[in-house]
Amino acid sequence: MENSADQMVRVRFAPSPTGGLHLGGVRTVLFNYLFAKKYNGQFILRIEDTDQSRFVAGAEQYILDTLAWCGLTPDESPIHGGAYGPYRQSERKPMYKQYASQLIEQGNAYYAFDSSEELDAIRKEIPNFQYNRATRMSMKNSMSLPAAEVARLLSENTPYVVRINMPDAEELVFEDLIRGEVKFDTSMVDDKVLLKNDGMPTYHLAVVVDDFLMKITHAFRGEEWLPSAPVHILVWKNLFGLDQMPKWAHLPLILKPDGNGKLSKRDGDRLGFPVFAMDWTDPNSNETTTGFKERGFLPEAFVNLLAMLGWNDGTDQEIFSLPTLIEKFSLERVHKGGAKFDYEKAKWFNQEWIKQSDNAYLANLVAPYFEAAKIEIHEPSYLVKVIGLVKERCQLLTDFIPQSAFFFTAPTEVDTASILPKWDAPKAAFFTALIDAYAHQAVPNDATNLEAHFKTLATEQGLKPGDLMLPFRIMLVGGKFGPGVFDIVANIETKDAANRIQYCLDLLSKK
RNA sequence: GGCCGGUUCGUCUAUCGGUUAGGACAGCCCCCUUUCACGGGGCAAAGACGGGUUCGAUUCCCGUACCGGCUACCA
């Protein structure tokens, strides 16, 4: 990147605290973070809470928690502090008004006294009504009204908003780091509101003022913001000068897996996969939307899969750790086109991370799920061992429960239907003998010797060991899954194994 | 409607004018495995369309189509 050595890279993520953080949001955070860390810069979290009507309690904490879970910790934020605070826009209110006034004085903005009701009425009447240079003179504002009238309205404390005075037919050009040159004709854009009648800025004013004050050097945001770029460029030009403006990059959107359009929370509900990073409970409806974390994703996998949605390093490598991503990341390799989200591929990333994660690390993450399933773990090292045995058959952390519960408690549901068709008296006799051996004799307790013992016993009884393997497995785990049978016997006590066989024999005799 | 953006296998993508258009997920088949997985091997699957430029276009340019985003005193 062409940032000069004397200018510290500073980027920001600026969400509005209105609910859970979805995939697209976290990916925006990720790209900001990767870019900042790659250039030893700073990553700032700024809360855009300028719309009180949409404020949701707990959402800010949720955002902080999500970033912490992902390992994308901000250098500056409302709670981490920093030299450029406050980091909540609601606490910066006075600053915006000052800049709005400056724009009015310079003729780049004006007071507008039209009420929301009046505007609604007009929009109802004229379908595509735009408040712009073509219509502004017929509206109630400081451009159309005599100065004395404006002064009167102001002195009477008439509610007003401040609108940008879009110049006519001016070409606005900027260089998007991902898309290249993007041009706009100002005559096509309307007079956006900069300051609302409650004195709060809209996003259009707030981003510019805050990015300037916080010395942001690179601004990354979703592609949905591209159309409002001309507004921001104009405010930058009139307030601080274009040479001060951060470099922009508009990130591609994350799309619905089926059909088209931006991925939304509803798609997750509909298609059965998470969209939010972590569980989010709406304080008003008390409804909980599940997140990737609770679904059983590793943060490493979540970050990895997000990075690959719109970026790659040009090789066939797909598994990247956060440090490697920082090293390899480059904006030039971010795509222009949106990507449809594929939950199957997402799970594959998680499986890859489970396979390569340390068993003790996984044990820590999985323990809460066992607790929730009311499976007691007496010996932590035993869990670690079990995880090593079953990890490669788990895509999600939650899979560890069904995949390994039988190591801790005997199955109660047993798939006898899979045993019955080939079940006969000689086999029953064999297992009765096996119970006797396991319960009363000294049987070796390592997998290899257990297998040898099993086969010898079978042969002695004139049976093929292979015909006994499936029934044995089902007796031990309850179904057709799990690691090698003798690895299982070796880990549960032979006495326990004897009990399980007996339990199943009883079931079978009743059929 | 207008403005802006986008377009390679079903999906995520590689390709910096010359390739049998590569990889991964999903699918199918085989091997390994007396379960389920892991692993190994294989099959099938793509340049939206039409014009240029060029000895040569997936790649560069233009147009068309299609998809998306925006068009609030929301971000």
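Letters go in sequence order (proteins before strands), and every chain restarts at 1. Since we're looking at a predicted model, the values are computed, not measured. Values reported hereafter were calculated over all heavy atoms of this structure, with side chains retained and with hydrogens, waters and symmetry mates removed.
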So what's B:A21 paired with, Watson-Crick or G-U wobble, going by both distances under 3.5 Å?
none

Phosphate OP1/OP2 of B:C73 contacted by A:Arg163 side-chain N/O (<4.0 Å):
yes

For A:Pro252, answer base if it contacts any base atom (sugar-phosphate contacts may also be present), sugar-phosphate if it contacts only those atoms, and nothing otherwise; contact means non-hydrogen atoms under 4.0 Å.
nothing

Does A:Asp210 come within less than 4.0 Å of A:Arg46, counting only side-chain N to carboxylate O?
yes

Check whether the side chain of A:Lys345 and the base of B:A26 form a donor-acceptor pair under 3.5 Å.
no

In whole Å, what separates the P atom of B:A72 from that of B:C67?
23 Å

Sidechain N-carboxylate O distance under 4.0 Å for A:Glu125, A:Arg123:
no

Integer angstrom distance from the P of B:G47 to that of B:A21
12 Å

What is the nucleic acid contact for A:Val182, judged by heavy atoms within less than 4.0 Å: base, sugar-phosphate only, or nothing?
sugar-phosphate

Please list, for nucleotides 29-32 of chain B, all pairs of protein and nucleotide N/O atoms separated by less than 3.5 Å.
none

Base, sugar-phosphate or nothing for A:Val161? Non-hydrogen atoms, less than 4.0 Å.
base

Between A:Asp342 and A:Lys345, is a salt bridge (Lys or Arg N to Asp or Glu O under 4.0 Å) present by the stated rule, with each step listed?
CA-CA 6 Å; A:Asp342 182 357; A:Lys345 183 90 185 217; over 6 Å; no

Any idea how A:Phe454 and A:Phe486 line up, ring-wise: parallel (<30°), tilted (30 to 60°), or perpendicular (>60°)?
perpendicular

Check the pair A:Glu170 / A:Lys237 against salt bridge (Lys or Arg N to Asp or Glu O under 4.0 Å), numbers first and verdict last.
CA-CA 13 Å; A:Glu170 185 177 322; A:Lys237 184 179 166 191; 2.6 Å; yes

Provide the distance between the two C1' atoms, one in B:C9 and one in B:U20, to the nearest whole Å.
16 Å

With syn defined as a glycosidic angle within 90 degrees of 0 and anti as anything else, the base of B:C25 is anti

May I ask you to say what A:Lys347 touches in the nucleic acid, namely base, sugar-phosphate or nothing, with a heavy-atom cut-off under 4.0 Å?
nothing

For atom C1', what is the distance between B:U59 and B:U19, given to the nearest Å?
13 Å

Heavy atoms from C-beta onward define the side chain here; which of B:U13, B:U11, B:C74 lies closest to that of A:Lys340?
B:U11

Need the pair for B:U33. Rule: Watson-Crick or G-U wobble, both distances under 3.5 Å, any strand; none if unpaired.
none

Distance between C1' atoms of B:A14 and B:G50 (Å, rounded)
27 Å

Could you check whether A:Ser115 gets within reach of a base, just the sugar-phosphate, or nothing at all, counting any heavy atom under 4.0 Å?
base

Provide the distance between the two C1' atoms, one in B:A45 and one in B:C60, to the nearest whole Å.
28 Å

Tell me whether the OP1 or OP2 atom of B:U13 has a side-chain N or O from A:His335 closer than 4.0 Å.
yes

Is it true that A:Arg133 and A:Asp168 make a salt bridge, defined as a side-chain N closer than 4.0 Å to a carboxylate O?
yes

Protein-proximity profile, nucleotides 37-49 of chain B, B/S/- by nucleotide at the 4.0 Å heavy-atom cutoff, equals BSS----------

Atom pairs, protein N/O to nucleotides 61-68 of chain B N/O, distance under 3.5 Å:
unit_1: B:C67; atom_1: O3'; unit_2: A:Asn260; atom_2: ND2; d: 3.3

Only pairs with both distances under 3.5 Å count, Watson-Crick or wobble alike; so what is the partner of B:G1 in this structure?
B:U71

Considering every strand and a 4.0 Å limit on heavy-atom distances, what is the contact class for A:Gly484: base, sugar-phosphate, or nothing?
base

Would you classify A:Asp49 as touching base, sugar-phosphate or nothing, given that sugar-phosphate means primed atoms plus P, OP1 and OP2, and contacts are heavy atoms under 4.0 Å?
nothing

Answer with base, sugar-phosphate or nothing: what part of the nucleic acid does A:Phe184 contact at a heavy-atom distance below 4.0 Å?
sugar-phosphate

Any side-chain donor paired with an acceptor under 3.5 Å for A:Glu318 and A:Asn304?
no

Could you check whether A:Arg393 makes a cation-pi contact with A:Phe481, meaning its NZ or CZ is under 6.0 Å from the centre of the six-membered ring and within 45° of the ring axis?
no

Paired nucleotide for B:A46 [Watson-Crick or G-U wobble; both distances under 3.5 Å]:
none

Base, sugar-phosphate alone, or nothing: which one does A:Ser116 contact when heavy atoms must sit under 4.0 Å apart?
base

Presence of donor-acceptor pair under 3.5 Å, side chain of A:Asn197 and base of B:C73
yes

Return no unless some side-chain N or O of A:Arg333 is found under 4.0 Å from OP1 or OP2 of B:U15.
yes

Considering only atom C1', compute the distance from B:U7 to B:A48 and round it to an integer number of Å.
7 Å

Counting only side-chain N and O atoms of A:Thr18, is one of them less than 4.0 Å from OP1 or OP2 of B:A75?
no

For a quick check of understanding: with a heavy-atom distance under 4.0 Å over all strands, which category does A:Gln403 fall into, base, sugar-phosphate or nothing?
nothing

